[in-house]
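A quick write-up on the structure given underneath.
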Amino acid sequence: MNHKRTRLALIAGIAAAGLFGLGSASAADKGTIKIVTHSPLSGPNSPSGESIKLGAQLALEDYGKLLTSQGFKVQLQPEDDQANPNVGVANANRLINDPDILAVVGHYNSGVFIPSSEVYAKANLVAVSPANTNPQVTDRESTRAIANRICGRDDVQGPVGADFAVKDLKAKKVYVINDKTAYGAGVADAFEAAVKKAGVKVMLASGVDDKETDFSSVLNRAAIDKPDIIYFGGYYQQGGLLLKQMRQKKVGAVFMGGDGLDSGDLQKIAGSENVTKAYFTTLGVPLSKLPAAKKFAEVYKTKFNKDPEAYSAYGYDSMRVVLQAIADSAKANGGNKPSREQVAAAVRKVKFDGLTGKISFNSRGDIEVAKYVVVGVGPTPDKNDVKSIIEKKAPNS
Amino acid sequence: MNFSEGLQLLPITLTDGLVLGLLYAVIALGYTMVYGVLGLINFAHAEIFMVGGIVGIEVLTFGTAGTGMHPALQLLLAVTAAMLISGALAVVTERIAYRPLRLRNAPRLVPLITACGVSLFLQDFVRFIESLFGNFIRPFPDFEFFYRSVELSDSVIVPYKSIAIVLVGVAMLIGLTYLVNYTRLGRAVRAVAQDQKASALMGIDVNRMIALTFLVGGALGGVAGVLYGLQFGKLDPFSGFIPGIKAFTAAVLGGIGNIPGAMLGGIVLGVLEVLAGTYLPILTDNAVGTEYKDIFAFGILILILIFRPSGLLGRATVEKV
C-alpha cells in the first residue's frame with residue numbers, strides 16, 4: 001500500500017520534473033541569483049585576492065547545482081576592492097542596489113571588510129569572509145546579522161604566535177612593528193600583549209606607514225639593540241621588504257609576523273637567499289596539510305595554471321557556505337527566491353566538512369573551531385615548513 | 001637605549017640620510033628645471049621616476065641576470081636604459097600634454113591639471129602593463145655584491161650600495177651643473193628660462209630647448225628610480241607618488257627653479273627624515289614611533305619656509321636689463 005503510493009508519487013514527480021524541465025530549458029524561470037566575490041584583483045594584494053576569487057569560482061562549478069537544480073540561474077560577479085576601504089565601500093553601495101545579489105564572499109583586508117560590511121548591513125546582504133581576522137569583523141553590533149567568517153581571529157592568532165616565540169624560539173627581547181592598518185595593528189597589539197605577559201621585554205613598539213619602503217630607522221637601531229625577534233604586523237609586500245632590508249643590513253634577528261605574510265610572493269619580494277630564520281602564524285592551513293584539498297589543488301593547478309594560495313581553499317569553502325545557505329533558504333521559501341534576510345539567517349545554520357575543516361558558525365558569525373598554524377618560511381613557498389597546527393575555539397562561543 | 005648607543009647610531013643614520021637625500025635631490029632636479037624654464041610644476045615627474053625604476057629592474061631581471069657580468073656594470077646598463085626610456089617618456093609627455101597648451105597661451109593652472117592627469121594615467125598604464133604579466137610588485141634583483149660593506153670603524157659601516165648611489169648621484173649632479181652652466185646648450189636653456197620671446201629672436205629654437213629640459217630632467221628621474229630600487233628593494237606602479245612629493249618638497253625647500261638649491265634641499269630633507277625616524281622613538285622612549293618621522297621633517301620644513309619663504313637658496317635671480 002505504502003509502496004504503491006510512493007511509486008505513484010515518484011512517477012508523478014518525474015512527470016512534473018519533465019514538464020518543468022521542458023519549461024526551464026529555454027530560460028531558468030525562477031530568476032538569476034548573483035553571488036559576489038569581493039577581493040583585491042589589482043594592486044599589491046592582488047595575488048591573494050585573485051586566489052580567493054578563483055577558489056570561489058571552483059566551488060560554484062562544484063556546488064552550483066544546489067541552485068540550478070531548483071531552477072535558478074547562478075552567476076558569479078567578481079568585484080575588485082583594490083585593498084582600498086574607499087573602493088570597497090563604493091562598490092558595496094552599488095552592490096546592495098542589485099536585487100539579484102544575495103551574498104558576498106570577501107574580503108581579503110580587514111580594513112576593507114569592516115567599513116564595507118556596514119553598507120551590506122543596511123541592506124541585510126550577508127558576507128562570508130574567507131580571510132578577515134580582525135576581531136572587529138564579527139564583534140560589531142551593527143553588522144551582527146550579516147558578518148561571518150570561516151577563519152580564525154587575531155586576538156587568538158597573536159597569542160599563538162607569542163606562545164611560539166616564547167616557548168620554541170626562547171625569545172627574551174623583541175621589536176614589534178605594525179603597518180597601522182586595522183589588521184596589522186590588531187595582530188601586532190595582540191602579540192605584544194601576550195609576549196609582555198610572558199615576561200618578554202618589548203624594546204621597541206612602533207608603527208610604520210603602510211606605504212613605507214624605508215625601514216632603515218628601525219633596522220639601524222636593531223643592529224645595535226640585537227632583539228631576538230622582529231615581529232611585523234602587516235602584509236607581505238611590506239614584510240618581504242622588511243626582511244630583505246634586515247638581511248642586507250646584517251640584522252640577525254628572527255623575523256616573525258601574522259597571516260598577512262602568508263603568500264607565495266613573500267619570498268619573491270624578500271629574495272629567497274634573504275629568507276632565513278623567518279616564521280609566520282596563519283589561519284590558512286597550507287593545502288598540503290589538508291587531505292580533503294588534494295584534489296582541489298590539482299584541479300586549481302590545471303585549470304588556472306598556477307598554484308593555489310593559502311586562502312584559495314577558504315574562498316572555496318566560503319562560496320560553498322553561501323550556496324548551501326541560499327539553497328536551504330530557497331527550499332524553506334517554497335522553492336522561490338529567498339530574501340536577503342533569509343539567506344543571512346540560513347548561513348549561521350550551515351554545517352559541513354569543508355576543504356579547510358569543519359564549518360559551523362556561532363551566533364556571532366565566527367567559525368566555532370578555527371585552525372591556527374605556525375609556519376617556518378622556506379626559500380621557496382613549497383619549502384615552507386609547518387611547525388604546528390593548533391585548533392582553538394572562538395573566544396566568544 | 002642610552003646616550004652612548006644613540007651616539008653609536010649616528011654615523012649609519014647620517015649615511016642613510018645622505019643617500020636618501022641624494023635620491024631626493026636627483027628627482028628634485030627634474031621638478032626644478034622644468035619650473036625654472038616653464039614655471040610649470042610637472043607632477044607627472046614622479047611617474048617618470050617610477051617608470052625609470054621599473055625599466056631598470058626589468059633590464060636587470062630579464063636582461064642581464066645570469067650573464068655573469070660584474071654587478072656594477074649591470075647596474076650601469078640598467079641606469080642607462082632607465083635614462084633613455086624616462087627621458088624619452090618625459091619628452092613625449094611634454095609634446096602631447098604640455099606643448100599644445102603652451103602654444104595656445106593657456107592659463108598657468110591648466111598645464112598643472114594636465115600634469116596631474118598624466119601622472120594618474122601613467123600609474124594606471126604601468127599597472128595595466130605589469131598586470132598583463134601577472135605582476136605588480138617588482139622586486140629589485142639581489143646582488144650580494146652591493147650588500148658588502150666597508151668598515152671604517154666599529155660603528156661606521158658603509159655598504160657598497162650606498163657608495164654606488166652616492167657616486168652615481170654625484171656624477172649626475174656634476175654633469176648637470178656642467179651642462180647648464182658651461183655649454184652652449186645650457187646657455188640656450190638659461191636664455192629660454194629668462195625670456196622665451198627674446199631668445200627666439202636671438203635664433204634659439206625655444207621648443208627644442210624646452211624638450212631638452214624635459215629630456216634631461218626625465219633622464220635624471222630615471223636614474224633616481226633605479227637607485228631607489230637598489231636602496232629599498234622594490235618598486236610598484238604606485239611607488240612614484242611619495243618620493244615624488246618629497247622631492248618636490250625638497251625643490252621648494254631649496255628654492256624652486258634653483259639647481260644647487262634642489263640638491264641642498266634634497267639632502268636636508270633626507271637627513272632630517274632619517275634622523276627623525278631613528279631618534280624620535282629613542283628620545284621619547286617609544287611614545288612617538290617611527291611613523292611620525294614625516295610629520296617631524298615637514299614641521300621643520302614649514303619652519304624654514306616661514307623664515308625663508310623663497311627657500312634655502314632662493315629662486316635664482318634673473319637679471320633683466
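Please read all numbers here as calculations on a predicted model, not as lab measurements.
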Hey, could you give me the CG/CD1 distance between D209(A) and I242(B), rounded to the nearest 0.5 Å? 5.5 Å
What part of L275(B) gets within 4.5 angstrom of chain A, counting heavy atoms only: side chain, backbone, both, or neither? neither
What's the separation between atom CD1 in I282(B) and atom CZ in R221(A), rounded to the nearest 0.5 Å? 4.5 Å
Against chain B, label A223(A) side chain, backbone, both or neither, depending on which of its atoms sit under 4.5 Å from a heavy atom there. neither
By a 4.5 Å heavy-atom criterion (distance strictly below it), what part of K250(A) contacts chain B: side chain, backbone, both, or neither? side chain
Which region of E212(A), side chain (C-beta onward) or backbone (N, CA, C, O), has a non-hydrogen atom less than 4.5 Å from a non-hydrogen atom of chain B, or is it both or neither? side chain
Measure the OG-CD distance between S42(A) and E130(B) for me, rounded to the nearest 0.5 Å. 13.5 Å
Using a strict cut-off of less than 4.0 Å between a Lys/Arg side-chain nitrogen and an Asp/Glu carboxylate oxygen, indicate whether D16(B) and K249(A) qualify as a salt bridge. yes
Look at P139(B), G289(B), P141(B) and state which one has the largest set of heavy-atom pairs under 4.5 Å with chain A. P139(B)
Is a side-chain N or O of K244(A) found less than 3.5 angstrom from the main chain of G233(B), in a donor-acceptor match? yes
May I ask you to decide if F232(B)'s main-chain N or O and Q245(A)'s side chain share a donor-acceptor pair within less than 3.5 Å? yes
Give the interface residues of residues 181-201 of chain A toward chain B, defined by a heavy-atom separation under 4.5 Å. none
Taking atom CZ of F304(A) as the centre, report whether more than 12 heavy atoms of other residues, nucleotides or ligands fall under 6.0 Å from it. yes
Measure the spacing between CD1 of I12(B) and CG of N220(A) and express it to the nearest 0.5 Å. 5.0 Å
So, the part of F140(B) with a heavy atom under 4.5 Å from chain A: the answer is both
Select one option (side chain, backbone, both, neither) describing which atoms of L241(A) are under 4.5 Å from chain B's heavy atoms. side chain
Point-to-point distance, once rounded to the nearest 0.5 Å, from CD of Q248(A) to CG of L230(B): 8.0 Å
Contact origin within P281(B) toward chain A - heavy atom pairs under 4.5 Å: both
Where the side chain of E291(B) meets the backbone of V208(A), is there a donor-acceptor pair that is under 3.5 Å apart? no
Side chains of K234(B) and Q237(A): does their closest heavy-atom pair fall under 4.5 Å? yes
Check whether more than 12 heavy atoms from other residues, nucleotides or ligands sit under 6.0 Å from atom CZ of F145(B), and answer yes or no. yes
Which heavy-atom pair separates K293(B) from D214(A) by the least distance, and what is that distance? NZ-O, 4.0 Å
Are more than 12 heavy atoms, taken from residues, nucleotides or ligands other than Y292(B), located less than 6.0 Å from that residue's OH atom? no
Between Y279(B) and S217(A), is the side chain to side chain donor-acceptor pair (under 3.5 Å) condition met? List the steps. CA-CA 8 Å; Y279(B) 286 102; S217(A) 301; over 6 Å; no
Highest number of heavy-atom pairs under 4.5 Å with chain A among L20(B), L280(B), T290(B) belongs to T290(B)
In terms of heavy-atom pairs under 4.5 Å with chain B, which of V218(A), I177(A), L204(A) leads? L204(A)
Ranking R127(B), E144(B), R138(B) by heavy-atom pairs under 4.5 Å to chain A gives rank one to R127(B)
With only heavy atoms counted, which part of D265(A) is less than 4.5 Å from chain B, the side chain, the backbone, both or neither? neither
Student check: side-chain heavy atoms of F136(B) and N45(A) closer than 4.5 Å: no
